[in-house]
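All figures in this text were calculated on a predicted structure; none of them were measured in a lab. Only heavy atoms go into these numbers, but all of them, side chains included; no hydrogens, no water, no symmetry mates.
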Amino acid sequence: MSGPPKRLDEFGEIDRLFRPLARGNPGAFDLKDDAAVVPGREGHDLVVTKDAIVEGVHFPVGEAPDLVARKLVRVNLSDLAAKAAEPFAAFLAVAWPRGFGDREREHFAMGLASDLEGFGVDLLGGDTVSTPGPFTCTLTALGWVPAGKMVRRAGAKPGDCLLVSGTIGDGTLGLAAVRGEIDDPEGRLAYRYRIPEPRLDLRQALRRQATAAADVSDGLVADARHIAEASGVGLVLDLDRLPLSGAAATWLERQSDLANGLLRLGTGGDDYEIVCTMPADAPKPPGFTIIGEVRAGAGIEVRAAGQVVDPGAGGWTHG
């Protein structure tokens, strides 16, 4: 009788699961070398970002591996979006937990392949290891911007407007829906949490008009504060002006304390929209909402339900 199929070793796993994701990029060398080559691009700067996600911290325990892979890609591309960069390549590191068999690994690779191809990103290399700890994966994402045009957190000036793209609050409500804490009959909130959309469509507007920008990952208040601190300015953020989806607006209407409800939406994070500053006399690009202003000084003043409120940390803090 034949025994159970032998699990692929690291190199067999790379060959079967990950080599196709290089998509023939010559600098990847078919993922058969110890390093990759990234040729320069005339007139452009290379922008590099890296985010890690950990089971039980950034995604629920037992989450489907393909969804984990897709979220990993998207949260990293969101950083590039905030820098007005065009993504083109990535490096992957994965720590497989105990009990994570071939099926789970294949599903992870399928989710990764789906989004890397969808966003036009080639896998240039990385590493796979095993761990007695939780499922952990990281992506290093690479993008191009015209030389000198990366939009930093620093650069906001007194008198600028504070704006945010899209809608805010669906990420934190989506996590609550995944946990079964709120109703989400059509699954839209859970989908927004699990499969965020990096705002790569906004890079031209950011290059033309933004003086500073960050993606909304930790929480709108926290990420706006990052801009204020990097720029050496103060901010006023009015949560009464938050752009909300229909689902978030419905949830907010049911809250007995409007200010606390707005604070939850504005500090919950996982929205992956873009918070940025632009000159007050610049035309507001489509898809953005003005939510405050930049002023001289330091710190951030947050208003909700017509009053100044204490936002605490303003969002997720990294321990």
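Criterion: ILVMFWY side-chain heavy atoms under 4.5 Å apart, direct or through other members. Under it, Phe119 and Phe18 are part of a common hydrophobic cluster. Grouping the Ile, Leu, Val, Met, Phe, Trp and Tyr side chains by contacts below 4.5 angstrom, directly or via other members, places Leu265 with Leu237. Ile290 and Val233 sit in two unconnected hydrophobic clusters of ILVMFWY residues. Membership requires side-chain heavy atoms under 4.5 Å apart, directly or through other members. Val302 and Leu242 end up in the same hydrophobic cluster when Ile, Leu, Val, Met, Phe, Trp and Tyr side chains are linked at under 4.5 Å. Under a hydrophobic clustering in which Ile, Leu, Val, Met, Phe, Trp and Tyr are joined whenever their side-chain heavy atoms come within less than 4.5 Å, directly or via other members, Leu244 and Leu162 fall into the same cluster.
Side chain of Asp127 to main chain of Ala93: no donor-acceptor pair is present (N/O by atom type, distance under 3.5 Å, no hydrogens or angles). Checking side-chain atoms of Asp184 against main-chain N and O of Arg188 turns up a donor-acceptor pair under 3.5 Å. Side-chain N or O atoms of Asp223 include one that pairs as donor or acceptor with a backbone N or O of Gly219 at under 3.5 Å. Proximity of a side-chain donor or acceptor of Thr277 to a complementary backbone N or O of Ala212 within less than 3.5 Å is detected. Checking side-chain atoms of Asp240 against main-chain N and O of Gly306 turns up a donor-acceptor pair under 3.5 Å. In terms of modelled atom types and a separation under 3.5 Å, the side chain of Asp238 and the main chain of Ile291 share no donor-acceptor contact. Side-chain N or O atoms of Arg303 include none that pairs as donor or acceptor with a backbone N or O of Val236 at under 3.5 Å. For Gln209 (side chain) and Pro283 (main-chain N/O), a donor-acceptor pair under 3.5 Å exists by modelled atom type. Checking side-chain atoms of Ser165 against main-chain N and O of Ile274 turns up a donor-acceptor pair under 3.5 Å. Judged by distance alone, with hydrogens and angles left aside, the side-chain atoms of Ser78 form no donor-acceptor pair with the main-chain N or O of Arg74 at under 3.5 Å.
With contacts defined as side-chain heavy-atom distances shorter than 4.5 Å, the pair Ile182/Trp251 qualifies. Taking 4.5 Å as the limit, every side-chain heavy atom of Asn260 sits out of range of all side-chain heavy atoms of Arg264. Considering only heavy atoms from C-beta on, Leu235 stays 4.5 Å or farther from Arg225 through its side chain. Leu112 is listed as a side-chain neighbour of Val73, based on a closest heavy-atom distance under 4.5 Å. At a threshold of 4.5 Å between non-hydrogen side-chain atoms, the residues Glu229 and Ile300 do not count as touching. Residues Val129 and Val94 are not in side-chain contact: their nearest non-hydrogen atoms beyond the backbone lie 4.5 Å or more apart. Looking at Pro243 and Phe288, their side chains never come closer than 4.5 Å, going by heavy atoms from C-beta outward. With contacts defined as side-chain heavy-atom distances shorter than 4.5 Å, the pair Lys83/Val47 qualifies.
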Practice prompt. I would like to know whether Ile53 and Val68 meet side-chain contact (heavy atoms from CB on, under 4.5 Å); could you show each step before the answer?
Written response: CA-CA 9 Å; Ile53 57 176; Val68 174; 3.9 Å; yes

Item to complete: Apply the test side-chain contact (heavy atoms from CB on, under 4.5 Å) to residues Phe108 and Cys137: give CA-CA distance (whole Å), side-chain angles for both, the deciding distance (0.1 Å), then the verdict.
Response: CA-CA 11 Å; Phe108 178 86; Cys137 45; 4.1 Å; yes

Worksheet entry | side-chain contact (heavy atoms from CB on, under 4.5 Å) between Met278 and Lys284, intermediate numbers included | CA-CA 8 Å; Met278 296 182 181; Lys284 180 174 69 68; over 6 Å; no

Item to complete: Please assess Lys71 against Glu63 for the test salt bridge (charged side-chain N to carboxylate O under 4.0 Å, His left out), listing each intermediate value before the final yes or no.
Response: CA-CA 11 Å; Lys71 184 161 191 176; Glu63 184 76 299; over 6 Å; no

Worksheet entry | side chain to side chain donor-acceptor pair (under 3.5 Å) between Ser245 and Arg192, worked out | CA-CA 11 Å; Ser245 68; Arg192 178 80 185 270; 5.8 Å; no

Item to complete: Verify side-chain contact (heavy atoms from CB on, under 4.5 Å) between Arg199 and Tyr272, making sure each step is shown before the conclusion.
Response: CA-CA 8 Å; Arg199 298 308 307 269; Tyr272 297 100; over 6 Å; no

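To the nearest 0.5 Å, atoms CE (Met110) and CG (Leu21) are separated by 11.5 Å. For the atom pair NZ of Lys149 and CG of Asp45, the computed distance is 11.0 Å after rounding to the nearest 0.5 Å. Lys50 contributes atom NZ, which lies 7.5 Å from atom CG of Leu139 (distance to the nearest 0.5 angstrom). A distance of 8.5 Å separates CG in Leu202 from SG in Cys276, rounded to the nearest 0.5 Å. Note that the CG atom of Leu173 and the CG atom of Asp270 stand 11.0 Å from one another [nearest 0.5 Å]. The distance from atom CG of Leu206 to atom CE of Met150, rounded to the nearest 0.5 Å, is 12.0 Å.
Under the ring-ring contact (aromatic ring centres under 6.0 Å, His included) criterion, Phe59 pairs with Phe135, sequence neighbours left out.
The two residues Asp271 and Thr167 make their nearest non-hydrogen contact at OD1-O, 4.3 Å. Between Asp51 and Val75 the shortest heavy-atom distance is OD2-O, 3.9 Å. Annotation for Leu262 and Leu239: closest pair CD2-O, 3.5 Å, computed over non-hydrogen atoms. The two residues Ala154 and Ser231 have their closest heavy-atom pair at CA-OG, 3.3 Å. Between Pro60 and Glu55, the shortest heavy-atom distance links the atoms O-CG, 4.0 Å. For the pair Asp310 and Leu263, the tightest heavy-atom approach, listed with the atom from each and the gap, is O-CD1, 4.0 Å.
Under a 4.5 Å side-chain heavy-atom cut-off, the cluster of Ile, Leu, Val, Met, Phe, Trp and Tyr residues that includes Leu142 is completed by Val38, Leu46, Val48, Phe88, Phe91, Leu124, Trp144.
Other residues, nucleotides and ligands contribute at most 12 non-hydrogen atoms within 6.0 Å of the CG atom of Asp183. The number of heavy atoms from other shown groups lying within 6.0 Å of CZ (Arg207) is above 12. Under a cut-off of 6.0 angstrom, the local environment of CD in Glu117 is sparse, with at most 12 non-hydrogen atoms contributed by other residues, nucleotides or ligands. Counting non-hydrogen atoms of other residues, nucleotides and ligands closer than 6.0 Å to CZ of Arg23 gives a total above 12.
Donor-acceptor pairing under 3.5 Å is recorded for the side chains of Thr211 and Asp160.
At a threshold of 4.0 Å, the pair Glu301-Arg295 counts as salt-bridged, since one of the basic side-chain nitrogens sits closer than that to a carboxylate oxygen.
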